[in-house]
Engineer: 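There's a structure below that I have some questions on.
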Amino acid sequence: MLVKGVVFYLDSDLPTEAKFLLEDFRLAVNNAIRAGLQARVTSRNALNKLVYKDFREQHPRMYAKHLVSAFEVAGSVLKNHRKRVRKDVTCRTPFVKRLMMKAENQAYKLDRGSGIMDLPIMAGCHVELRLVVSQYHRKYLDDMTLSLGSLTVLPDRVIVAFRKDAPKQFVPESALSLDTNERSLDGLFVEGDVAKAVKADFPEIAIIQQRHHDRRKRLQKKKTHDRRTSRNLCRREGTREHHRVEYRLHQVADSVLKFAEERRSAIVLEDLKGFKSKRSKELNRRLSMWPRRKLHQIIEYKAQWRGIPVVKVNPRNSSRTCPVCGRIQYSRMGTEFVCNCGWHLDRHITASMNLLQTAISKGMAGGLRFDPGAFQHDVMMILYEPAMAARSEPNGTSGVVGVT
Ligand SMILES: [Zn+2]
């Protein structure tokens with residue numbers, strides 16, 4: 001089952017009754033957390049037995065289903081807490097600070113045509129929430145293959161989970177192998193007997209991150225006398241950076257998947273699990289900031305949603321091996337991979353060839369074949385370039401390519 005959370009903003013302020021409900025919900029969650037910690041239980045049912053009766057007495061009219069989902073939220077908070085305790089991380093007693101509530105799909109009604117939500121507060125009291133519905137939301141509301149899942153209510157917005165069964169993956173007729181780099185995805189598209197280079201360029205992401213990093217440093221220096229302001233300003237910078245980067249990652253992933261879907265390609269990616277590097281501190285910071293795993297997550301999840309097969313292979317030595325003779329080169333290389341056997345090509349594309357060959361040799365990319373000799377040197381297919389995002393930031397966080 002695949003789940004996609006979609007955020008809806010509210011047309012007007014949350015009704016007072018609903019605000020009280022959020023507060024009661026938070027209270028219930030925090031009570032359950034405390035009780036669960038004392039009794040050392042984390043499951044929803046155990047919490048239910050433990051605190052339901054007491055809370056019922058204090059809030060005799062609260063809708064019972066909401067109370068049960070409060071225990072579920074408490075349970076997941078407790079599980080996370082237990083994990084941290086086991087890892088020996090010192091942490092405070094957990095509690096929920098934010099005003100929020102969660103409701104199961106039987107505990108609310110949404111009219112998918114009009115975007116009006118009916119939320120029960122307690123026996124005999126319902127509130128009506130009008131959601132702002134845009135074209136983006138219509139896509140989910142009108143698609144009847146999607147069923148409604150749980151609901152999260154926050155003071156200014158609600159998040160509705162849409163669910164569907166994972167579609168069956170198609171049988172690949174071609175392959176798109178991608179090597180993930182700091183500023184681009186570089187790779188190879190193989191169809192029949194021809195192989196072409198592909199590229200998705202996103203130099204902006206690194207620039208945005210560098211700019212925000214510099215700004216945070218400057219803020220910290222300027223506000224050393226006021227930790228609170230400094231922290232708030234830095235957090236704001238962080239949120240902005242997050243949004244800007246995330247937006248671009250989604251754009252990149254969308255164009256890659258569109259390409260793969262149209263040509264019925266399997267996507268081959270390197271498996272980044274256990275990826276470690278022994279490099280300078282500065283380079284490590286840059287590489288760890290570069291959200292390659294995030295990009296892979298987005299690609300994988302969107303591919304699942306659309307039924308596009310994704311193959312992940314161990315990237316070990318993929319950038320060092322010659323795709324023709326298999327010799328491994330340990331010496332440093334420039335932008336070009338040069339082998340004694342006469343093979344020479346852009347090293348990123350060479351890496352993606354090796355990824356593809358690993359995938360094929362393990363039978364992971366359908367019945368596809370690939371021969372390095374079939375590579376057409378003069379063709380480059382562009383999957384994505386920054387101009388396609390068509391949104392530059394006004395305040396100097398994006399800008400001239402190549403400046404960091
Ligand atoms: Zn060679």
Side-chain angles (χ1 to χ4, degrees), residues 172-203 206 256 259-260 263 265-280 283-284 286-287 290 292-293 295-296 299 309-385:
E173 291 162 17
S174 56
L176 182 65
S177 164
L178 296 169
D179 177 45
T180 318
N181 298 300
E182 203 186 344
R183 284 155 183 269
S184 59
L185 287 169
D186 302 86
L188 196 67
F189 171 65
V190 184
E191 191 175 31
D193 289 332
V194 275
K196 293 168 187 165
V198 292
K199 196 174 185 66
D201 252 323
F202 39 80
V256 167
F259 183 94
R263 292 164 181 81
S265 305
I267 298 176
V268 181
L269 295 171
E270 69 255 58
D271 193 348
L272 292 174
K273 236 179 269 162
F275 170 82
K276 269 199 191 108
S277 65
K278 295 173 229 152
R279 278 172 268 217
S280 74
L283 187 59
N284 267 338
R286 256 171 52 202
L287 284 179
W290 155 221
R292 38 165 85 210
R293 237 176 255 201
L295 179 60
H296 280 196
I299 290 179
V310 173
V311 178
K312 297 185 83 179
V313 295
N314 186 349
R316 191 179 152 83
N317 285 335
S318 68
S319 56
R320 296 197 189 116
T321 313
C322 170
V324 177
C325 66
R327 195 175 291 144
I328 296 174
Q329 296 207 330
Y330 288 102
S331 57
R332 251 174 195 290
M333 280 166 286
T335 54
E336 183 127 302
F337 180 94
V338 184
C339 179
N340 293 340
C341 73
W343 177 260
H344 62 99
L345 187 66
D346 179 274
R347 69 187 164 101
H348 296 317
I349 298 173
T350 306
S352 71
M353 281 184 181
N354 289 320
L355 292 178
L356 181 64
Q357 282 186 332
T358 318
I360 288 174
S361 69
K362 294 200 172 153
M364 289 188 289
L368 294 163
R369 296 169 297 117
F370 168 63
D371 168 22
F375 183 71
Q376 297 186 337
H377 288 263
D378 48 345
V379 200
M380 166 77 82
M381 299 170 96
I382 303 293
L383 299 180
Y384 175 84
E385 54 188 353

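In each ligand, atom 1 is the first atom listed, and ligand 1 is the first ligand listed. Sequential numbering from 1 along the given sequence is applied to the chain's residues.
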Engineer: Could you pull out the N/O/S protein atoms under 2.8 Å of the Zn ion (ligand 1), ignoring any water?
Structural biologist: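 Cys322 SG, Cys325 SG, Cys339 SG, Cys341 SG, with waters left out.
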Engineer: Looking at every heavy atom in both Arg320 and Phe337, which two are closest together, and how far apart are they?
Structural biologist: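 Closest heavy-atom pair between Arg320 and Phe337: O-CE1, 3.5 Å.
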Engineer: Could you tell me which non-hydrogen atom of Thr350 sits nearest to which non-hydrogen atom of Thr321, and how far apart they are?
Structural biologist: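 Closest heavy-atom pair between Thr350 and Thr321: CG2-O, 3.9 Å.
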Engineer: Please check if the side chain of Asn354 supplies one atom and the backbone of Ser318 the other of a donor-acceptor pair under 3.5 Å.
Structural biologist: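 At least one qualifying donor-acceptor pair exists.
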Engineer: How many angstroms lie between CG in Leu178 and NE2 in His296, if you round to the nearest 0.5 Å?
Structural biologist: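 With rounding to 0.5 Å, CG (Leu178) is 7.5 Å from NE2 (His296).
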Engineer: Show the nearest heavy-atom pair for residues Cys322 and Trp343, with the distance to one decimal.
Structural biologist: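 Cys322 and Trp343 have their closest heavy atoms at SG-CB, 4.0 Å.
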Engineer: When you compare the side chain of Val190 with that of Leu356, does any pair of heavy atoms fall below 4.5 Å?
Structural biologist: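 Yes - at least one pair of side-chain heavy atoms lies under 4.5 Å apart.
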